[in-house]
Visitor: 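Quick one: this structure, given as structure tokens, is what I'll be asking you about.
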Amino acid sequence: MQLSLYNTAARAKQPFESLNPGVVGLYCCGPTVYHFAHIGNLRTYVFEDLLRRALEAAGYSVKHVVNITDVGHLTSDADTGEDKMEKGARREGRSVWDIAEYYAQAFFKDWKALNLLEPTAWPKATDHIPEQIALIQDLEKKGYTYFVENDGVYFDTSKFPRYPDFAKLDIEGLQAGSRVAMADKRNPTDFALWKVSPSGAQRQMEWDSPWGRGFPGWHVECSAMAMKLLGETLDIHCGGTDHIRVHHTNEIAQSECSTGKPFARYWVHGGWLLEAPDDSGKGAGKMSKSAGEFVTLDVLIRQGYSAMDYRYFCLTAHYRNYLNFSYQGLDTARDSLRNLRKRTDPLIGKAAPANSGRAREWKSRFLEAVGDDLNFPQALGILNLMLKDPDLLEGERAGLVAAFDKLLGLGLTVAEAPVPQADLPEDLKPLLAERAAARAAKDWARSDAIRDQFKAAGFVIKDNKDGTAGWSAI
RNA sequence: GGCGACAUACCCAAGUGGUAAGGGAGAGCUCUGCAAAAGCUUUAUUCAGCGGUUCGAAUCCGCUUGUCGCCUCCA
């Protein structure tokens with residue numbers, strides 16, 4: 001299968017080839033565990049899971065790394081703003097370590113519920129302080145840093161002429177906008193590599209370093225951990241589009257100035273989940289964790305949706321496009337998945353080799369869509385058409401569903417736990433037999449009256465072919 | 001102020017130069033005592049608007065309008 005990916009670095013779709021044959025190093029920026037992940041965060045992890053599955057389908061062995069950022073970062077590059085971990089700890093009256101552990105566990109639970117494949121490694125920032133210090137020292141030795149007294153070590157972006165290229169930054173424009181906090185930085189785009197704890201202020205997380213007790217800057221962890229686990233040049237680095245401008249630009253600067261080698265060969269970024277506009281068409285906007293109000297997977301589950309409903313919802317839009325979240329949209333996804341399962345559930349366990357020319361044709365159409373920069377919306381369309389193709393044998397159809405689901409990850413080859421049938425109130429139970437008798441006697445008035453009675457109690461009667469009646473809650 | 005993205009049917013959404021996938025919802029038909037379920041059929045001469053390039057444009061170019069994002073932590 002041929003795989004092309006949109007590479008942000010080139011602003012173009014490019015055929016994917018790994019640096020080393022058969023193996024792919026994939027680094028995905030993970031969560032900062034100071035709060036629950038919201039469904040917008042999760043959309044990106046779903047996209048990365050689809051990428052990983054596509055790579056595996058293309059025959060690669062994938063080394064997949066997702067970091068856990070458990071160090072608090074300030075909310076700006078200057079000394080202003082609050083540390084998010086410490087803020088979370090204060091909010092909940094617990095230690096930052098407890099906070100990190102609690103939200104990391106919550107994150108893993110969402111990960112599993114969404115059927116995301118387990119990464120090869122989940123490195124934590126706090127477990128890699130020495131690696132981060134070593135990287136900063138290397139940059140210092142090579143002359144890319146400067147120290148600001150009582151503040152910290154900064155990366156001097158003016159020493160890296162290619163700095164603006166990746167994000168196509170307009171440095172002049174940044175200065176003109178004058179919305180960049182300068183503090184004691186030499187250039188507006190300079191960023192902290194190590195922050196020295198302010199004298200007198202006791203932080204819950206701090207470490208000794210050659211520059212004094214403090215904590216690492218908020219971009220250096222990804223470079224340090226990615227290069228440690230995947231080598232100096234990654235095949236693919238992923239994240240949300242918001243990371244392009246600052247985080248990934250800074251990662252490139254510090255990594256490439258240290259190694260002299262390209263940091264990542266393909267940069268693949270997922271689009272935003274937006275909150276749908278209201279009825280007037282206004283009010284759409286990014287779902288933002290730091291803004292406070294957000295929807296989590298748990299919130300959806302409590303409202304009766306499944307994690308797979310949300311996964312399907314993500315599958316219906318291309319990963320690079322904005323996706324508007326609305327409950328109406330989620331309802332559509334749920335209904336679609338339900339209808340899909342009605343057709344695939346009877347095929348479970350019946351998979352046979354899909355070797356006919358017809359079957360191979362469907363498979364290649366499906367893989368072609370996936371290989372074309374992960375066009376899963378189109379792949380879903382192909383699945384639907386395949387299920388309606390009268391020229392396929394049942395076993396072949398089942399085999400194709402199984403093959404497609406390896407990419408989709410919707411769990412179509414596993415029977416869902418049956419929905420528990422709503423318990424009928426005791427007083428209604430005898431009426432079922434009475435209605436069966438009425439129907440046998442063609443007493444339709446009585447039969448319908450009983451149905452109305454059920455309806456009033458909140459149940460819908462469904463007549464089966466064999467004369468018995470089933471029911472479900474309204 | 002600077003940079004950028006998007007605009008396709010009632011809704012969601014593919015398609016990026018060769019004559020509009022797919023899904024949801026709705027409608028009709030079949031089946032059924034009636035329902036439900038299921039099956040079948042059906043729903044854009046048209047892609048925000050206006051110009052241009054071309055034999056040919058939803059796709060390329062220009063302008064206009066609208067929505068959104070980034071420029072500050074953020075998936």
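A, B, ... follow the sequence lines: proteins, then strands. Residue 1 opens every chain. All of these numbers come straight from a predicted model, not from anything done at the bench.
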Visitor: Heavy atoms under 4.0 Å, any strand shown: does D448(A) hit a base, just sugar-phosphate, or nothing?
Guide: base
Visitor: Any idea which of C71(B), C34(B), A37(B) is nearest the R245(A) side chain?
Guide: C71(B)
Visitor: Return the OG1 to CG distance between T296(A) and D110(A), rounded to the nearest 0.5 Å.
Guide: 7.0 Å
Visitor: Report the base-pairing partner of G33(B) (Watson-Crick or G-U wobble, both distances below 3.5 angstrom), or none.
Guide: none
Visitor: Of all the choices, A75(B), G33(B), C73(B), which nucleotide is nearest to the side chain of R439(A) once you look at every atom?
Guide: G33(B)
Visitor: Counting any heavy atom closer than 4.0 Å, what does I461(A) reach on the DNA or RNA strands: base, sugar-phosphate only, or nothing?
Guide: base
Visitor: Between C74(B), A25(B), G69(B), which nucleotide gets closest to the side-chain atoms of N339(A)?
Guide: A25(B)
Visitor: Just checking, is any N or O donor in the side chain of D190(A) or T157(A) under 3.5 Å from an acceptor N or O on the other one?
Guide: yes
Visitor: Has the side chain of R451(A) got a donor or acceptor that lies under 3.5 Å from a partner of the other kind on the base of A35(B)?
Guide: yes
Visitor: Does C70(B) pair with anything, Watson-Crick or G-U wobble, both distances under 3.5 Å, and if so, with which nucleotide?
Guide: G2(B)
Visitor: Specify the residue among G270(A) and A445(A) whose closest nucleotide of RNA chain B lies further upstream toward the 5′ end.
Guide: A445(A)
Visitor: Report the nucleotide, chosen from A75(B), C73(B), G23(B), that has the shortest atom-to-atom distance to any side-chain atom of W272(A).
Guide: A75(B)
Visitor: Taking any strand in view, what nucleotide pairs with A7(B) in a Watson-Crick or G-U wobble way, both distances under 3.5 Å?
Guide: U65(B)
Visitor: Pairing donors with acceptors under 3.5 angstrom, does anything connect the side chains of S336(A) and N339(A)?
Guide: no
Visitor: Counting Watson-Crick and G-U wobble pairs only, both distances under 3.5 Å, name the nucleotide matched with U53(B), or none.
Guide: none
Visitor: Check this for me: does any side-chain nitrogen of one of R52(A) and D49(A) sit under 4.0 Å from a carboxylate oxygen of the other?
Guide: no
Visitor: Compare side-chain N and O positions of N384(A) against OP1 and OP2 of G22(B) and report whether any pair is under 4.0 Å apart.
Guide: no
Visitor: What is the nucleic acid contact for R435(A), judged by heavy atoms within less than 4.0 Å: base, sugar-phosphate only, or nothing?
Guide: base
Visitor: Any side-chain heavy atom of Q14(A) sitting closer than 4.5 Å to one from Y266(A)?
Guide: yes
Visitor: Within this structure, what is the CG-CG distance for the pair L407(A) and L374(A), rounded to the nearest 0.5 Å?
Guide: 9.0 Å
Visitor: For nucleotides 4-19 of chain B, give me one character per nucleotide, 5' to 3': B if any protein heavy atom sits under 4.0 Å from the base, S if the only such contacts are to the sugar-phosphate, - if neither.
Guide: BS-------SSS----
Visitor: Tell me which nucleotide, if any, is Watson-Crick or G-U wobble paired with C40(B) when both distances must be under 3.5 Å.
Guide: G28(B)
Visitor: Name the residue closer to the 5' end of RNA chain B, choosing between S447(A) and G240(A) according to the nucleotide with the nearest heavy atom.
Guide: S447(A)
Visitor: Counting only side-chain N and O atoms of K388(A), is one of them less than 4.0 Å from OP1 or OP2 of G23(B)?
Guide: yes
Visitor: If you look at every heavy atom in F263(A) and A226(A), which pair is closest and at what distance?
Guide: CZ-CB, 4.1 Å
